[in-house]
Amino acid sequence: MPSHSRVCSILKADTTTNPLAPEHKATEEVLAASGLPYTVLRNGWYTENYTDQLPQYLQSGTIPGATGGSTISAAPRTDYAAAAAAALTGDEEGDAVYELGGAAFTFDELADAVTEVTGTTVVHRDLSAAELASALENVGLDAGTAGFVTALDHSIAIGELATDSDDLSRLIGRPSTPLRDAIRAARA
């Protein structure tokens, strides 16, 4: 039997309405009930959720979203992996829950960063949830998937994917990777 359990979860797993959270919350509850000491790494959004879409952003010139100008505390997977390595090799005693997220940005700031790094003008197009779902269906997503993606944006809009916690930086021993650096790395 392990002496200390460590799991990855999602930011604010115990309170979020994010559609990805129920499995994470259930895992955390089982772990807490087990009586084993544990460390939970609640990861925020991955910067790659956006940098992987650079070709679409550059082709269309837009970043559509229904986030209402709210912020996302995203970081590259490499930052979260470094935090996990620190937690795995640390000598944590007792239970710990880390809320992990990088420097927060809005979709407007994402569009500005993409524009600056690539030299191609990209703008954020803030849509209502219904408009986003419709736009996603118009590009080929089925209604269920479009609704799921729209629910993710709603989670951002109500602040569930933003954190002011410095847990990520403390675990990795440096500031999280800046958005522009992540975009440059994705372009390389």
Side-chain angles (χ1 to χ4, degrees), residues 5-29 31-32 38-54 57 63-90 92 94-114 116-117 124 126 129 132 148-186:
S5 297
R6 292 169 177 88
V7 298
C8 289
S9 189
I10 191 169
L11 200 61
K12 303 177 185 177
D14 56 341
T15 60
T16 185
T17 62
N18 188 298
L20 295 172
E23 291 176 15
H24 295 291
K25 182 178 180 183
T27 299
E28 287 188 28
E29 288 169 351
L31 189 58
Y38 60 85
T39 299
V40 176
L41 303 170
R42 291 180 173 168
N43 292 348
W45 240 212
Y46 301 107
T47 307
E48 291 85 354
N49 291 352
Y50 305 107
T51 59
D52 287 354
Q53 296 183 66
L54 283 172
Y57 298 159
I63 299 174
T67 62
S70 293
T71 60
I72 306 114
S73 296
R77 288 183 180 105
T78 54
D79 286 0
Y80 292 119
L88 284 170
T89 58
E92 189 75 43
D95 303 332
V97 176
Y98 295 102
E99 298 284 348
L100 304 177
F105 59 86
T106 64
F107 275 22
D108 284 339
E109 292 166 332
L110 173 62
D112 290 346
V114 169
E116 179 184 313
V117 170
H124 167 228
D126 197 28
L132 179 61
F148 177 79
V149 172
T150 300
L152 294 174
D153 270 19
H154 175 73
S155 185
I156 294 168
I158 61 175
E160 294 178 336
L161 286 166
T163 182
D164 58 4
S165 168
D166 67 348
D167 289 346
L168 179 62
S169 294
R170 282 189 304 107
L171 278 172
I172 64 177
R174 61 172 173 76
S176 62
T177 302
L179 178 60
R180 282 168 176 74
D181 290 353
I183 294 168
R184 281 186 197 93

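All heavy atoms count here, side chains included; hydrogens, waters and symmetry mates do not.
Taking OG1 from T106 and CD from E109, the interatomic distance works out to 3.5 Å, rounded to the nearest 0.5 Å. Considering CZ of F105 and CG of L110, their distance stands at 5.5 Å, rounded to 0.5 Å. Taking NZ of K25 as the reference point, atom NZ of K12 lies at 15.0 Å (rounded to 0.5 Å). Atom CD1 of I183 is separated from atom OG1 of T177 by 12.0 Å, given to the nearest 0.5 angstrom. Taken from CH2 in W45 to CG in L11, the straight-line distance is 9.5 Å, to the nearest 0.5 Å. Put simply, OG1 on T71 and CG on D108 are 12.0 Å apart, with the number rounded to the nearest 0.5 Å.
When every heavy atom of L41 is checked against every heavy atom of A84, the shortest pair comes out as CD1-CA, 3.5 Å. A pairwise comparison of heavy atoms in C8 and H24 identifies O-ND1, 3.8 Å as the closest pair. What you find for T47 and A74 is that their closest heavy atoms are OG1-C, 3.7 Å. Nearest approach of A82 to I172, heavy atoms of both residues: CB-CG2, 3.6 Å. Nearest heavy atoms, S5 versus L31: CB-CD1, 3.5 Å. The nearest pair of heavy atoms linking A83 to L168 is CB-CD1, 3.7 Å.
No side-chain donor from either of T163 and E99 sits under 3.5 Å from a side-chain acceptor of the other. Side-chain contact of S176 with D79: a donor-acceptor pair under 3.5 Å is absent, judged by distance alone.
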Quiz: residues 151-162 side-chain donor-acceptor pairs under 3.5 angstrom, not counting sequence neighbours:
from: D153; atom 1: OD2; to: A66; atom 2: N; distance (Å): 2.8
from: S155; atom 1: OG; to: N18; atom 2: ND2; distance (Å): 3.3
from: S155; atom 1: OG; to: E160; atom 2: OE1; distance (Å): 2.8
from: E160; atom 1: OE1; to: T16; atom 2: OG1; distance (Å): 2.8
from: E160; atom 1: OE1; to: T17; atom 2: N; distance (Å): 3.1
from: E160; atom 1: OE1; to: T17; atom 2: OG1; distance (Å): 2.9
from: E160; atom 1: OE1; to: N18; atom 2: N; distance (Å): 3.4
from: E160; atom 1: OE2; to: T17; atom 2: N; distance (Å): 2.8
from: E160; atom 1: OE2; to: T17; atom 2: OG1; distance (Å): 3.1

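The backbone N or O of A87 sits less than 3.5 Å from a side-chain atom of R6, completing a donor-acceptor pair. Not one N or O on the side chain of D167 forms a donor-acceptor pair closer than 3.5 Å with the backbone of L100. Here the side chain of Q53 pairs no donor or acceptor atom with the backbone of Y50 at under 3.5 angstrom. The backbone N or O of V40 lies less than 3.5 Å from no partner atom in the side chain of E28, so there is not a single donor-acceptor pair.
For Y46, the ring-ring contact (aromatic ring centres under 6.0 Å, His included) partners are Y80, not counting sequence neighbours.
The side-chain heavy atoms of Y38 and V97, taken from C-beta on, include a pair separated by under 4.5 Å.
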